[in-house]
Amino acid sequence: MTITDAGTSNLVAVEPGAIREDTPAGSVIQYSDYELDESSPFAGGAAWIEGEFIPAEDAKISIFDTGFGHSDLTYTVAHVWHGNIFRLGDHLDRLLDGAAKLRLDAGYAKDELAEITKKCVSLSQLRESFVNLTVTRGYGKRKGEKDLTKLTNQVYIYAIPYLWAFPPAEQIFGTTAVVPRHVRRAGRNTVDPTIKNYQWGDLTAASFEAKDRGARTAILMDADNCVAEGPGFNVVIVKDGKLASPSRNALPGITRKTVFEIADQMGIEATLRDVTSHELYEADELMAVTTAGGVTPINTLDGEPIGNGEPGPLTVAIRDRFWALMDEPSPLIEPITY
Ligand SMILES: Cc1ncc(COP(=O)(O)O)c(C=O)c1O
């Protein structure tokens, strides 16, 4: 294992780039100080596939799973920070609700899935982890079986080192976005956004367009020119001291729910409603919010500054409060037993 000096922080970097990324010194985002016991094959990543725990690098599923072939699945991504899993119950509720809407049977009760998930994290030893749970339509006895009644639904779970939708430095100093010219987010009449899904065709096209235009990410509009969401995140606007976020054509994100709860505790009004493109460009502050990236200020949109082009005060206060929640004993977090 490689140990590097983490500069001014007291943290030890374990396998830089794989287990952790640089975080701004003194910021609210700091990794735990620990080392993996590499004598375990699960150290650094574990999966649960067809009833067995497997080291993450050996995790493979059938090519005949219709989750792969037809994206016939739902999933969630939870996270572990400082050895605490965040809002696992909410993630499981969303996953099981989505599965029920798709007529998928996970075959496990909520508390059983919770235990398997925590065991995966525990085996991985990761104190900061990206935890994916997926329920697929599965596959049948006959190769390539398409008869939906003959498929055995599957559950796959894995815990790997934290993945950032926005690197920690962007979360502290802000990032850039464009509104794509060439693609819109699929409407709820096509893909139900309340079921977390891998229909990412529009989001991926938007990501490429953002890259072509020199921005980090994209905020997609829906067919009515209202804000939908971005590749892997919800959008929250701040205007005149109030928060708003799209009520339709966007995933009901668990980070956004947390942001709204934090706003409520701070006495800030927060509303789910239609947010027009006009409101997006006229916002005082913009934030991208997601499990794999917390609360990231968006400093510029289409190359123009949002507010004064720096992370805004409400975004910063909410971001800092969000990360504080990862350590404070509350029903939102549950310590993993390692
Ligand atoms: C399309 C999309 N919207 C929003 C989000 C944010 O959801 P959450 O806060 O539950 O991670 C995600 C997360 O992956 C996403 O993929």
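Given the structure is predicted, the values throughout are model-derived calculations rather than measurements. Atoms within a ligand are numbered from 1 in the order they appear, just like the ligands themselves.
A salt bridge links E279 with R273: the closest approach of a Lys/Arg side-chain nitrogen to an acidic carboxylate oxygen falls below 4.0 angstrom. Using a 4.0 Å cut-off between charged nitrogen and carboxylate oxygen, K60 and E50 do not count as a salt-bridge pair. Looking at R181 and E209, no side-chain N of the basic residue comes within less than 4.0 Å of a carboxylate O on the acidic one, giving no salt bridge. The pair R127-D33 does not meet the salt-bridge criterion, since no charged nitrogen lies less than 4.0 angstrom from a carboxylate oxygen.
With respect to atom 9 (O) of ligand 1, the closest heavy atom belonging to the protein is T255 OG1, 2.6 Å. Among all non-hydrogen protein atoms, the one lying nearest atom 7 (O) of ligand 1 is L251 CD2, 3.4 Å. Of all protein heavy atoms, the one closest to atom 6 (C) of ligand 1 is N234 OD1, 3.7 Å. Regarding atom 14 (O) of ligand 1, its nearest protein heavy-atom neighbour is K196 NZ, 2.5 Å. With respect to atom 11 (O) of ligand 1, the closest heavy atom belonging to the protein is T291 OG1, 2.7 Å.
Sorted by first then second residue, the salt bridge (Lys or Arg N to Asp or Glu O under 4.0 Å) pairs that include residues 149-174, not counting sequence neighbours, are D147-K150, E170-R216.
Residue contact check: R94 has heavy atoms under 4.0 Å from atoms 10 (O) of ligand 1. The distance from ligand 1 to the heavy atoms of G253 drops below 4.0 Å at these ligand atoms: 7 (O), 8 (P), 9 (O), 10 (O).
Polar contact with ligand 1: present for E229 (N/O pair, distance under 3.5 Å).
With a heavy-atom cut-off of 4.0 Å, W200 touches ligand 1 through its side chain alone.
Scanning all heavy atoms of the two residues, the minimum distance from G144 to F64 falls at N-CD2, 3.5 Å.
Taken from CG in L104 to OG1 in T66, the straight-line distance is 8.0 Å, to the nearest 0.5 Å.
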